[in-house]
Amino acid sequence: MHNLNTTFLDGLNPAQKSAVNHHTGPLLVVAGAGSGKTRALTHRIAHLISEHGVDPGEILAVTFTNKAAKEMKERLEILLAQRLSKIQFGQPWATLQLAQQRQLRNRIYNETIKELWIGTFHALFARLLRFDINKFNDVNGLKWTRQFSIYDESDAQTLVKEIVTKELQLDPKRYEPKKIRWAISSAKNKGILPEELEEESEGRRGKLTAQAYRLYRQSLAANNALDFDDLLLIPVHLLTQNKQVRNYWHERFKHILVDEYQDTNRTQYELIKLLVTNGEDPSLFNKWFNRSIFVVGDADQSIYSFRAADFRILMGFQKDFGDQESDDSTKTMVKLEENYRSTSTILKAANFLITKNKERIDKVLRATRGEGDLIKLTKCDDEIAEAESVVHQLRLIEAANRDLKWGDMAILYRTNAQSRVIEESLVRWRIPYIVVGGLRFYDRREIKDVLAYLRLLINPADTVSLLRVLNVPRRGIGKTTVQRLTDASDQLGIPLWDVVSDKEAVLSLGGRSAKGVIQFCELIHYLKTQLEKTSPADLIQLVIEKSGYISELINDATDHAEERRKNLQELINAAAQYQDENDNPDIQGFLASAALASDSDNKDTAADRITLMTLHSSKGLEFPIVSLVGMEQGLFPSYRSIDDPAALEEERRLCYVGLTRAKEKLFLSHACERRIWGGSREPALPSIFLSEIPDELLQGDIPRTGGASLRRDNHLERLVRVDREKTNAFPHDTEAKNSIRRRFSGPGAGKSWSVGDKVMHAKFGEGEITHTFGSGEKMSIAIKFKGMSPKILDPRLAPIQPLEKG
DNA sequence: TCCAAGAGACTTTTT
DNA sequence: GTCTCTTGGA
């Protein structure tokens, strides 16, 4: 008789087995790229449920993206259904008929999957707040109800901008709302209150930021809205201050799993701690007999420190939750080091690269596959040539390999803006592609408009949404009318909606446009009557029709309008899909999922298309063929990180993530110059990361000297080409020397520079010019200083003096 | 009150 | 190059 319980351990390596077998207590799974991390997670959940009899409702699994959550649910569903087929029919899954398979999956879905809490931190804790936010006691006495709206980053920025310009009467040019928003967010994440910030900050600017913060918090509460930070911070405060609430959730979630643990921040860590130990000191916590904390991550793949992620949280896991054992104790840590994804060549390159980082847990990826092809490195003239060359390479591969499809290929880049040139090449060759990321679907104007209607229906206090749709589509309600209405609401201290829905007040205030306002109110009132009896998808349909939104789009004959109509249809489809996937679908749930969705979540990956995306969005994915473009100093690594060792290490981890996405073939490329947003051409050196990959793993245009510097002849090549182009982007070299002398007044201004010259830099010391780039206003020089990668400087600005002629 | 045209910002990565 | 915001005229 086949032992059913071993099902979820079959086919796993010893390390994976011990992870999956883990029952209670803390466990850190250090899982390298492609080492079967997701497999360990899903198998462990299945194992907990079927082997240890854990109630699915007691499991909380945190993923990094909604997409990952969805995938995990699907894989679990299949795993458990396969097992059920053996129990129920006594035969393997593959031999079942499709209808039988579907029936089993439905059963598993309804009995098990729906009960699990799987999702991102934000989604899960938004869900928790839907239960308990009314029990939250704010220090400033602010209040929220369960009908709260979730403001995404752009909503939050709108609010801050309002506060800066209207309430504080500041010039938004001097006090940029974006920066103030950022300062508020980081204060929030450090747990600093406005009053504390006001006290500790000095100078006018700091005080004003603190004031904006205080007003912003008040404003959020007045709108009954939370921003992304609040979705995590309020639960921390709530669970800390309210023992009953904390106890409830602590008892409820006995088994907590966190994926991508290296990318958690302090707030998220606090949440996990509170839930796991019920507020007790984790290192003293000893009631593990029926509960566990299981985290999976790879410090080498931590790429979100700009969002306050801190991979030292992962590195401290054993000390935090542990048994005071040594860091290598196998009781609380398992290392998955066998890579099943990439060829050994690709892995060697990745391993070499990542060892340049100082701060990391020592770990090596062991190859389980063959050597594979060398990594192809291509040097291109500019970004257009690079795009052409990448597309050309991929076309050749596609033509030569019957079993490779476009869908097996990905082009990865550092910044979203890089996609455009590549798209143009792909269009030219009629190659199907899909761009992941960039403008979020839910950030499109028409989508935000319709969602604002829905938010207003649920949460009448949501003034941001009200103002968004009051005159959309046009109802003849202009600026003056809006001003009068908001003034009234300010004076009376009541929400704008209360003014707008007061017919007499509107008639006395609204003047000529009162008619439009009253019409709008009637619309909202009518829609509210439909709220209870209508599904999200139908309600959206109703909003679009009754508001006149769709007829305005139909009357508009531009291409824009056509696309907007399609997007609205897509929104209805998304709502329908949400209804299918959720047990008790309601508008609020749909709005929450919309606010927390990212662009990569709902893309149909089945179609046969090349995927274009940023390195960040590629985390967790794999492709047989990967092309990593724009490997240039200043672009990747980003210019903001070049002088900051910690930031550079993060860029290197990002590069590591990129390399390890590839299964079979990896292409790297860099351009010698690149156009920055339509304007000037900027010269570019190959990325330092290229020099950190051993030459013997590379083929193609390998830089001769240490990788990070250009070949000397390249400069000549390029000048010749520029001449040939006859564009006026570059004046001729001799003119250049004359025109430098004009404006800039650094110590190096007006001097002439050539390769081989020795220079003295105020900060970096003595160096040698290795290259000059461009000419005229655009001239810059590359200097090699001792112990550093070459720096590109503007001779008119940099504090440099010539030493001797070379 | 509405609309078109021009100015200006933007580019690091995202829940 | 592209999106958003402002401005001036109808």
Side-chain angles (χ1 to χ4, degrees), chain A residues 62-69 119-126 150-154 156-158 161 165 172-173 176-178 185 189 226-232 260 263-265 267-268 302-309 383 412-421 423-424 436-440 442-445 471-483 511-513 515-516 556 560 592-601 613-619 630 634-642 644 647 650-651 653-655 657-658 674-680 682:
Chain A
V62 188
T63 58
F64 198 69
T65 61
N66 295 301
K67 190 182 173 194
T120 62
F121 273 106
H122 290 85
L124 292 170
F125 286 92
I150 299 172
Y151 281 2
D152 64 25
E153 203 41 51
S154 67
Q157 246 173 63
T158 312
K161 199 180 162 195
T165 54
K173 294 237 166 67
E176 290 169 57
K178 212 175 170 182
S185 179
N189 279 309
L226 302 177
D227 65 15
F228 285 166
D229 299 327
D230 291 330
L231 290 179
L232 306 180
E260 308 284 8
D263 281 323
T264 52
N265 63 30
T267 317
Q268 294 164 341
S302 165
I303 53 176
Y304 282 97
S305 73
F306 69 94
R307 222 169 69 191
E383 78 278 10
L412 308 180
Y413 37 77
R414 179 68 235 272
T415 67
N416 278 306
Q418 287 169 260
S419 74
R420 220 199 68 250
V421 203
E423 287 181 65
E424 281 167 12
V436 176
L439 185 62
R440 244 169 37 115
Y442 291 104
D443 277 341
R444 288 167 206 276
R445 203 218 296 180
N471 195 36
V472 176
R474 295 201 174 84
R475 302 187 177 85
I477 305 169
K479 230 191 209 157
T480 342
T481 311
V482 172
Q483 192 57 52
R512 270 179 302 167
S513 44
K515 213 177 120 200
D556 183 344
H560 246 54
S593 76
L596 299 169
S598 76
D599 187 58
S600 47
D601 291 340
M613 64 182 146
T614 62
L615 288 156
H616 280 89
S617 5
S618 77
K619 188 166 85 163
L635 183 61
F636 187 36
S638 136
Y639 66 99
R640 291 167 120 114
S641 60
I642 278 182
D644 175 348
E650 175 141 319
E651 296 279 312
R653 290 193 293 270
L654 190 56
C655 186
V657 167
R674 187 172 288 274
R675 209 183 268 279
I676 315 274
W677 64 79
S680 62
E682 298 291 337

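Quick note on labels: first sequence line is chain A, next is B, and so on, each numbered from 1.
In this structure, A:R475 and A:T415 both approach DNA chain B, and ranking their closest nucleotides by distance from the 5' end singles out A:R475. The residue among A:G476 and A:H616 whose nearest nucleotide of DNA chain B lies closer to the 5′ end is A:G476.
Using a 4.0 Å heavy-atom distance criterion, A:F121 is classed as making no nucleic acid contact. Using a 4.0 Å heavy-atom cutoff across all strands shown, A:S641 reaches no nucleic acid atom at all. Among the protein residues, A:D152 comes within range of no part of the nucleic acid, since none of its heavy atoms lies under 4.0 Å from any strand. Nucleic acid contact class of A:Y304 (heavy atoms, under 4.0 Å, all strands): sugar-phosphate only.
Distance from the side chain of A:E153 is smallest to B:dT15 among B:dT14, B:dT11, B:dT15. Listed candidates were B:dT11, B:dC10, B:dT14. Nearest to the side chain of A:Y639 is B:dT11. Proximity note for A:K161 (side chain, C-beta onward) versus B:dT13, C:dT6, B:dT12: the nearest is C:dT6.
In terms of phosphate contacts, A:T480 brings a side-chain nitrogen or oxygen within less than 4.0 Å of OP1 or OP2 of B:dT1. Within the structure, every side-chain polar atom (N or O) of A:K178 is placed at least 4.0 Å from both OP1 and OP2 of C:dT4. OP1 or OP2 of B:dT13 sits under 4.0 Å from a side-chain N or O of A:N416. Residue A:T481 places at least one side-chain N or O closer than 4.0 Å to OP1 or OP2 of B:dT1. Put simply, A:S617 has no side-chain N or O that comes within less than 4.0 Å of OP1 or OP2 on B:dT13.
Between A:R445 atom CZ and C:dC3 atom C1' there is a gap of 11 Å when expressed in whole angstrom units. At whole-Å resolution of the value, CG in A:N66 and C1' in B:dT15 are 8 Å apart.
Atom P of B:dT13 sits at a distance of 16 Å from the matching atom of C:dT4, rounded to the whole Å.
A:S305 meets the side chain to side chain contact (heavy atoms under 4.5 Å, CB included) test with A:E650; sequence neighbours excluded. Here A:E383 pairs with nothing under the salt bridge (charged side-chain N to carboxylate O under 4.0 Å, His left out) rule; sequence neighbours left out. With sequence neighbours excluded, no residue satisfies ring-ring contact (aromatic ring centres under 6.0 Å, His included) with A:Y639. For the side chain to side chain contact (heavy atoms under 4.5 Å, CB included) test, residues two or more places apart in sequence or in another chain that qualify with A:N265 are A:T267, A:Q268, A:A308. By the side chain to side chain contact (heavy atoms under 4.5 Å, CB included) test, A:A126 is found to be paired with A:I150, A:L231, A:L596, residues two or more places apart in sequence or in another chain being considered.
Looking only at distances, no side-chain donor or acceptor of A:R414 sits under 3.5 Å from a matching main-chain atom of A:L635.
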For nucleotides 3-8 of chain B, tabulate all protein N/O to nucleotide N/O atom pairs closer than 3.5 Å, reporting atom names and distance.
| from | atom 1 | to | atom 2 | distance (Å) |
| --- | --- | --- | --- | --- |
| B:dC3 | OP2 | A:R474 | NE | 3.0 |
| B:dC3 | OP2 | A:R474 | NH1 | 2.9 |
| B:dC3 | OP2 | A:R474 | NH2 | 3.1 |

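Counting atom types as modelled, A:R420 pairs no side-chain N or O with a base atom of C:dT2 as donor and acceptor under 3.5 Å.
For the 3.5 Å distance criterion, the side chains of A:T415 and A:Q418 qualify, holding a donor opposite an acceptor.
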